[in-house]
Structure formats: structure tokens, C-alpha cells
S.K.: 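Supplied in C-alpha cells, the structure appears directly below.
Being a predicted model, the structure only gives us computed values, none of them experimental. The chains referred to below are lettered A, B, ... by the order of the sequence lines, with proteins before strands, and numbering in each begins at 1.
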Number of protein chains: 2
Amino acid sequence: MAERASHRVAPEHTHPDDVPVQTALAALADPVRVTLVRELADSAEWTRSCGSFDVPVGKAALSHHFAVLRGAGLVEQRDEGPKRVNRLRREEFEARFPGLLDLVLRADRAH
Amino acid sequence: MAERASHRVAPEHTHPDDVPVQTALAALADPVRVTLVRELADSAEWTRSCGSFDVPVGKAALSHHFAVLRGAGLVEQRDEGPKRVNRLRREEFEARFPGLLDLVLRADRAH
DNA sequence: CCGAGTGTTCGATGAAAATCATACACTCCC
DNA sequence: GGGAGTGTATGATTTTCATCGAACACTCGG
């Protein structure tokens, strides 16, 4: 059939424009999610599969965190073969919440 | 004696510079606290006592929220007679987390 | 010095969120 | 098509956090 690579249900995405400030802040208030966002920011787009992140949680929790990040308009996902690869929505998120992402990424550990 | 108005233990304050991003985001991720911050932003400094805010929580919870806001470097308090009056640490917080406060204050309800 | 007003502390309660283990669905490759 | 690899869904457990009620501390004005 004229199908793309995946038969799975495509992940639900929320555009940053449709995200309340509250939701964005809550998403970024969790250390695990911030780690994901930071690692994602240091990688090329669509190169990181969900399982490739160095966080101390099981895959169930990990999957949950990605769902939250999608819901906050921070991450976009696409199925590529058996893996689900990720992309940080830098520009779109920056346009909706100017400065916020940079704040989290820079994260002066000097404190 | 050469004492100020209050004998109470002065409230503990944390300067924004000593606040981790994580803490700041968590503090602003609560709707009640955001209401406090917004009302505070719309008032002259040192004019609002803790009890003067329009939030749907008892005074115990309210007192807790102010403690969190102090710990996040968002609010400064001073005892004035029997009341404790507040001030939003606009400049200091802005210097530490550029753009963050504006983001919360503007809070486009258009979503 | 008492009483009203104000805010904090403490302990308990309830709700929300993070986590895990297990089971399941899908894709690819042999 | 079977099996390994990858991610999701579900249900239970744990932790965290917001909240409340009641008791307490402090200030001020009669």
C-alpha cells in the first residue's frame, strides 16, 4: 500500500502556540525532562531515538515524559523504522515563549 | 531600644542569584502563586499585606505559597506593624532570569 | 492587660504526578 | 514467520505537593 514507514498511530503533537504558559513551565520544572531537552538541544534534529537518552528512569516513565514534552510543544516525534526519533522545537517554542528555552539550556550551574 | 517595628523573626529570603532555574520554574508553575505575582506586579511596592490577595485558599496555604515565592527569589517581605507587606523583586529576578517574569505577567490569555 | 487582627507552624488529609513492572504492539532482519 | 529491538498502555505503588483546621506568636489599640 501507499504507506509511510510506520503503521503505528502517529504521536499526538501540540503546537507551542496552543500551549498555556502554565503547561510550559510545569513541563520544564522536572529535572528528567530538562535533561532530555538539553541532550536534545546538543544533538542534530531527528537523530535521537527515545531510548538513547541518559536518564535514570525506566522506559515506561521515559515514554510518559516524552508525552508531556510533546504536550508542551517542546518536542516533535516521528517514527523511523522501529524507533521514534525526536526533534526539539527550538524556533516555534522560542516564538511562543521568548527566552524561556535559552534560560533552561544555559542553566548556569554556577550557583 | 533602637529597634524597628517588629520583634518577630524576620522572614528568610533567597536572592534570585542563588536560585536554581528549576526552583524558579516550579514556583511559577502554580496558578495560585502566579496570581499572587500578578497582583503584586500591579501594585506599588510594600503596599500589599499577605492577606490582601484575592485567592481561593485559606491563610495556611497562603502563608506556604509566600514562603515558596520567597525561596524562589520572587518576593521580598517586611514586617510593618502587625502585617507583613510584600514587594515583587522585579529587577533582581529579571537580571537572574531574563524574560521569565514578563512571560508570566503578560500571560496571553488568548489561548 | 486584654482582645482583635494578622500571619506562621504543625499534623493530617487528599489529589496529582512520577515511577515501576508487566503485558502488548509494531518494525525490521534473518 | 519468528525473534530481537523499541516504544506504548495499563495498573499499582510511592512521592510530592497543595490544602485545611487548629493552635500558637506577635502587634496594636483600647
Side-chain angles (χ1 to χ4, degrees), chain A residues 1 3-13 20 22-37 40 46-72 75-87, chain B residues 1 3-13 20 22-37 40 46-72 75-87:
Chain A
M1 312 265 275
E3 290 294 314
R4 231 68 69 261
S6 170
H7 298 168
R8 269 176 291 188
V9 268
E12 254 186 49
H13 285 107
Q22 213 70 179
T23 303
L25 294 178
L28 291 171
D30 180 281
V32 173
R33 286 193 287 267
V34 170
T35 301
L36 297 178
V37 168
L40 218 36
W46 307 120
T47 61
R48 305 291 304 267
S49 70
C50 293
S52 74
F53 292 84
D54 185 27
V55 287
V57 298
K59 41 182 207 167
L62 189 55
S63 183
H64 162 68
H65 283 304
F66 274 109
V68 174
L69 289 177
R70 283 197 313 268
V75 163
E76 193 177 359
Q77 297 184 316
R78 172 212 294 175
D79 286 338
E80 202 156 282
K83 330 194 144 178
R84 181 159 283 189
V85 291
N86 300 275
R87 167 191 166 254
Chain B
M1 311 271 273
E3 289 297 312
R4 229 62 75 262
S6 169
H7 298 168
R8 268 178 290 187
V9 266
E12 253 186 49
H13 285 108
Q22 212 69 176
T23 304
L25 294 179
L28 292 171
D30 181 279
V32 173
R33 286 193 287 267
V34 170
T35 302
L36 297 178
V37 168
L40 218 36
W46 306 122
T47 61
R48 306 290 304 266
S49 70
C50 292
S52 74
F53 293 83
D54 184 27
V55 285
V57 298
K59 43 183 207 165
L62 190 55
S63 183
H64 162 68
H65 284 304
F66 274 109
V68 173
L69 290 176
R70 284 199 311 269
V75 162
E76 192 177 2
Q77 298 185 315
R78 171 212 293 175
D79 286 337
E80 202 156 280
K83 327 195 147 180
R84 181 160 284 190
V85 291
N86 299 275
R87 166 189 167 258

S.K.: Take the protein atom CG of D79(B) and the nucleotide atom C1' of dG5(C), then report the distance between them rounded to whole Å.
M.R.: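 Distance, rounded to whole Å: 14 Å.
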S.K.: Could you work out, with side-chain contact (heavy atoms from CB on, under 4.5 Å) as the rule, every residue matching V37(A), not counting sequence neighbours?
M.R.: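 If we apply the side-chain contact (heavy atoms from CB on, under 4.5 Å) test to V37(A), skipping adjacent residues, the hits are L28(A), L69(A), L88(A), L101(A), L105(A).
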S.K.: Any Lys/Arg nitrogen of R78(B) or E80(B) sitting under 4.0 Å from an Asp/Glu carboxylate oxygen of the other?
M.R.: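 A salt bridge links R78(B) with E80(B).
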S.K.: Rounded to the nearest Å, what distance is computed from the CG atom of residue L69(B) to the C1' atom of nucleotide dT8(C)?
M.R.: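 Taking atom C1' of dT8(C) as the reference, CG of L69(B) is at 16 Å.
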S.K.: Calculate the interatomic distance between L36(B) atom CG and dG7(C) atom P; express it in whole Å.
M.R.: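 Checked: the CG to P distance equals 12 Å.
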S.K.: Quick one: which residue pairs count as a side chain to side chain donor-acceptor pair (under 3.5 Å) with a foot in residues 48-61 of chain B, not counting sequence neighbours?
M.R.: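 Output for this query lists E39(B)-R48(B), S43(B)-R48(B), R48(B)-S52(B).
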S.K.: For H64(B), which residues count as a side chain to side chain donor-acceptor pair (under 3.5 Å) partner, sequence neighbours excluded?
M.R.: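 Partners of H64(B) by the side chain to side chain donor-acceptor pair (under 3.5 Å) criterion come out as none, since no residue qualifies.
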S.K.: Apply side chain to side chain donor-acceptor pair (under 3.5 Å) to Q77(B) and list each qualifying residue two or more places apart in sequence or on a separate chain.
M.R.: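 Partners of Q77(B) by the side chain to side chain donor-acceptor pair (under 3.5 Å) criterion, ordered by chain and then number, come out as R70(B), N86(B).
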S.K.: Mark up nucleotides 2-11 of chain D, 5' to 3', with B wherever a protein heavy atom is under 4.0 angstrom from a base atom, S wherever such an atom reaches only the sugar-phosphate, and - elsewhere.
M.R.: ---BSBBB--
S.K.: To the nearest Å, how far apart are R78(B) CZ and dG7(C) P?
M.R.: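 So the CZ-P distance, R78(B) to dG7(C), works out to 15 Å.
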S.K.: Rounding to a whole Å, what distance do you find between Q22(A):CD and dA18(D):P?
M.R.: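 Spelled out: CD on Q22(A) to P on dA18(D) is 12 Å.
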S.K.: If the condition is side-chain contact (heavy atoms from CB on, under 4.5 Å), which residues does A29(B) pass it with, not counting sequence neighbours?
M.R.: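 side-chain contact (heavy atoms from CB on, under 4.5 Å) list for A29(B), sorted by chain: L25(A), A26(A).
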